[in-house]
Amino acid sequence: MSYLERLNDKQKEAVLCTEGPLLVLAGAGSGKTSMMTCRIAYLIDELGVSPYNILAVTFTNKAAGEMRERVDKILAGLDNPRTSDNLLIATFHSACLRILRVHADLLGYGKDFVVYDTSDQKTVAKGIIKDMNLDIKRYTPQYLLSVIGDCKEKCLDPEGYLRVNGENFRSKVVYEVYKAYENILRKNNAMDFDDLLLNVVRLFEREPEVLGKYQRRFRYIMVDEYQDTNTIQYKFVKYLAEGYGNICVVGDDDQCIYEWRGADIRNILDFEKDFRDAKVIKLEQNYRSCSNILKAAHSVIKKNRGRKDKELWTTREDGDKLVYHLSQDERDEVRYVAEQISKLKNEDSKEGRPLGYSDFAVLYRTNAQSRAFEEGFRLRGIPCKVVGNLGFYDRKEIKDVMCYLRLVQNPKDDVSLERIINEPKRGIGEKTMEKLKALAEVRGESLLETLSDREVTAGLSAKAEAAINELADLINGYHTEIENMTVAEIYDGLLARSGYLPALQAANTVEAESRIENILELRSAIDQFQKEQPAGTLMEFLEGKALASDSDKLPDGNEEEDEKEKVLLMTLHTAKGLEFPVVFMPGMEEGLFPGFRAMDRPEGLEEERRLCYVGITRAKEKLFLTGAKGRTLYGKWTSCSESSFIREIDPILLERDTPVEPKKSVYRDGYAEKPSGSPFRGGSSYAAKSAGSVASGIMSQNRSASAPIALSAGDRVAHAKFGEGTVTEVSPDGKTGVIIFDSEGRKKMALGIAPIKKI
DNA sequence: CTCAACTAGGTTTTT
DNA sequence: CCTAGTTGAG
């Protein structure tokens, strides 16, 4: 039981309290993961509970993986070593997926159902809007999907929605859309994220013996980040806990930051009411941060109403004050942050080792803020990594090939088929597609089934006929062989035989080149997957991708040497659960943080404040808060005022680092000067004309410089999207900055102000 | 049907 | 500033 020795009294109490409902209020950095892993180990080791009878739910796959690792480590070190085999540690979504794979047929789904992500949902919604001839402005896909999501969250089917909202024109439209949406997903044998949870709850409600089976299995249940659970997740937990009643939830109401997504803070606030005789244990000793940081965090969060009363304390020293710095604009802000990093790098941290790049993190409110940092850091040679928002799986070519894969897995997936039917070009246009869809509808088949009928394809143009027959044979062939092939084999085969890769290779353009690169990158992801799970199926591969989250892509210490030493850039949301010696929180401006959308509703502001609290408590030793007098948003200059959160921090704990007068002539990054009181208008492209460029020269902008580059015919240039080319012409007005690329004597394109670099 | 070119509208946060 | 959606010429 040596693992218990490392815990403090409160933690130990939580570990030992295994029977009945337990709420652990675990403040930031209070060692809750240690507590949870020890608790699991204790159950197995001391109480002799089989791992099979334990369920632990976490917020991300990464957290799940880490927890399992730590449990394994403890179990392996015992006198009587055990393993965590059969222990289910997963996110709500993957746990539900696991359950549904077994029982999907009871709900009328095939076992090989696929999971639709948000962009698939959008595609479906758009199709419905079009079919129903709705005004897309009045009924945006986003609006409709959010209503549908809300309903699912509350377990309302379309009829239920109508009942609750009353019948009026608008609600009837939404009702019809919702119904159509459900039909399409069902027909495609697909579930969206919400369905994963909803369907399990339905399953529990409809099939008592299935519920009973899981209630008997999960004798001990633990839920992490309980403050961020929504109604349906609550139901899921509640149902399971009605078995043995040994339910332990861990969370911190001050860190509830997903209310906008349906998280219901009342779940944690009312836990004691929901579960009779619940015990409550508070973990308030913080092992992470210096005292000043904790005090500052508390001075902010105490402004919130209706929170559970608690305050973190530490035995650590006061540490440095927090630093607030006001910059001119976002570029200046990046410069400041970069300077601080360079200054602090190699200085000794409190842990007595020199600070490396990976000890710094920049945590911002919106993803859009990352670009300035990425570019500014690159310019100054600071290695960095943006977590999340990389959008690898959002890229067109990746989505395309994923759709091919999904189709092999689930041939009923019309949404995927529609996406790739003309990719590469097979001569199927909008009109033909309409006909085919209508036909499939009449026949009551999936699109692929219809297309597999030679009599149907015979009605197409000769070219289309051949191409579609080939496509149908390809997909059907792989589908039947799915058991006998590896993911890599399927992938390679699809790429080559669908003509997707050959088409890209034939295009022979720079953008096709980069697409091919991405496709190869996905190929190596498949190799990786196959290495980790030699018996892994296509289904498992697709699931892993569908359920992966941004934080799952965080470095885990297993990467190459040069990948490790990097400053991490991410949103405050993805930073939850992490810690860094030095943290920067840029964009401390009213309207950005707190965001303008949140400011009118008091609950909205409170959630922003919790987010701010989360950010502050990520820092172990140093915290820099920065803001700008103004920044370019939507390409327009907007001036900003100081964030109210800065005022909420106890002034005693905050040092205002007065900006040094910016160096006059040359920006540190070596771009052309920006004179004070400059007539430059947001970097408009013709500005350089007056700066005396070549007569015929027109300018474009370098994305990271507000100073334009003069261009003239003959210059070799590179464009972010279109690759390299030679300037042959220059726009006559010099205003739009039109450049005509000409590679191999062909007119390639003309474009406006776009990221162009001279090479 | 397909591509190039133009245009209007849009920013939180994510399993 | 960016992108997705639309339009018009082959």
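A, B, ... follow the sequence lines: proteins, then strands. Residue 1 opens every chain.
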Within the structure, does a side-chain N or O atom of A:Asn230 lie under 4.0 Å from either OP1 or OP2 of B:dT15? no
Would you classify A:Lys122 as touching base, sugar-phosphate or nothing, given that sugar-phosphate means primed atoms plus P, OP1 and OP2, and contacts are heavy atoms under 4.0 Å? nothing
Can you figure out which of B:dT14, C:dC2, B:dT15 approaches the side chain of A:Thr91 most closely? B:dT15
Under-4.0 Å side-chain N/O to phosphate OP1/OP2 contact, A:Lys126 with C:dG5: yes
Judged by modelled atom types alone, do A:Glu589 and A:Ser643 share a side-chain donor-acceptor pair under 3.5 Å? no
Passing candidate, side-chain contact (heavy atoms from CB on, under 4.5 Å) with A:Phe92, options A:Thr58, A:Val223, A:Leu97: A:Val223
Identify whether any heavy atom of A:Ile428 sits under 4.0 Å from a base atom; if not, whether one sits that close to sugar-phosphate; answer base, sugar-phosphate or nothing. sugar-phosphate
For the P atoms, the ones on B:dT13 and on C:dA4, what distance do you get once it is rounded to whole angstrom? 15 Å
Does the side chain of A:Ser94 get closer than 4.0 angstrom to OP1 or OP2 of B:dT15 through an N or O atom? no
Stacking between A:Trp260 and B:dT13, defined as ring centres under 5.5 angstrom apart with planes under 30°, is that present or not? yes
Please state how far atom NZ in A:Lys435 lies from atom P in B:dC1, giving the value in whole angstrom units. 8 Å
Respond yes when some side-chain nitrogen or oxygen of A:Gln142 is under 4.0 Å from OP1 or OP2 of B:dT11, and no when none is. yes
Can you check the A:Asp264 CG to B:dT15 P distance for me, whole Å? 20 Å
Ignoring the backbone of A:Ala368, work out which of B:dT2, B:dT14, B:dT11 is nearest its side chain. B:dT11
Taking the minimum atom-to-atom distance to the side chain of A:Lys431, which one of B:dT2, B:dC1, B:dT15 wins? B:dC1
Among B:dT2, C:dA4, B:dT15, find the nucleotide with the atom closest to the side chain of A:Lys425. B:dT2
Option among A:Arg406, A:Arg419, A:Lys399 that satisfies the salt bridge (Lys or Arg N to Asp or Glu O under 4.0 Å) test with A:Asp120: A:Arg406
Have a look at A:Asp194 and say if it touches a base, only the backbone sugar-phosphate, or nothing, with a 4.0 Å heavy-atom cut-off. nothing
For A:Gly595, which contact category applies under a 4.0 Å heavy-atom criterion: base, sugar-phosphate, or nothing? nothing
Tell me whether the rings of A:Trp260 and A:His573 are parallel (<30°), tilted (30 to 60°) or perpendicular (>60°). perpendicular
Please determine if a side-chain N or O atom of A:Thr571 lies less than 4.0 Å away from the OP1 or OP2 oxygen of B:dT14. yes
Expressed in angstrom and rounded to an integer, what is the separation of A:Gln121 atom CD from B:dT14 atom P? 16 Å
Reckon A:Asn367 has a side-chain N or O less than 4.0 Å from the OP1 or OP2 of B:dT13? yes
Main chain of A:Ile128, side chain of A:Asp131: is a donor-acceptor contact present, judged purely on distance under 3.5 Å? no
B:dT15 C1' sits how many Å from A:Asn61 CG, rounded? 9 Å
Of B:dT15, B:dT11, C:dA4, the nucleotide closest to the side chain of A:Arg261 is B:dT15
Flag this pair as yes if the NZ/CZ of A:Arg101 is under 6.0 angstrom from the six-membered ring centre of A:Phe113 and inside a 45 degree cone about the axis; otherwise no. yes
To the nearest Å, give me how far apart CD (A:Gln369) and C1' (C:dC1) are. 15 Å
Between CG of A:Leu145 and C1' of B:dT15 the distance, given in whole Å, is 15 Å
In whole angstrom, give the distance that lies between atom CD of A:Glu607 and atom C1' of B:dT14. 12 Å
Report which part of the nucleic acid A:Tyr258 touches: base, sugar-phosphate, or nothing (heavy-atom distance under 4.0 Å, all strands). sugar-phosphate
Take A:Lys463 and A:Ala598, find for each the nucleotide of DNA chain B with the closest heavy atom, and name the residue whose nucleotide sits nearer the 5' end. A:Lys463
Test ring pair (Phe, Tyr, Trp, His ring centres under 6.0 Å) on A:Phe59 and A:Tyr258 and set out the steps. CA-CA 11 Å; A:Phe59 204 64; A:Tyr258 287 100; 5.1 Å; yes
Using whole Å, report how far CG of A:Asp228 lies from P of B:dT13. 16 Å
I'd like to know if the side chain of A:Tyr234 pairs up with that of A:Asp264 as donor and acceptor (distance under 3.5 Å, no hydrogens or angles considered). no
Using the 3.5 Å cut-off, write out each protein N or O paired with an N or O of nucleotides 7-9 of chain B and the distance between them.
| from | atom 1 | to | atom 2 | distance (Å) |
| --- | --- | --- | --- | --- |
| B:dG9 | OP1 | A:Lys137 | NZ | 3.2 |

Would you say the side chains of A:Thr632 and A:Glu330 form a donor-acceptor pair under 3.5 Å? yes
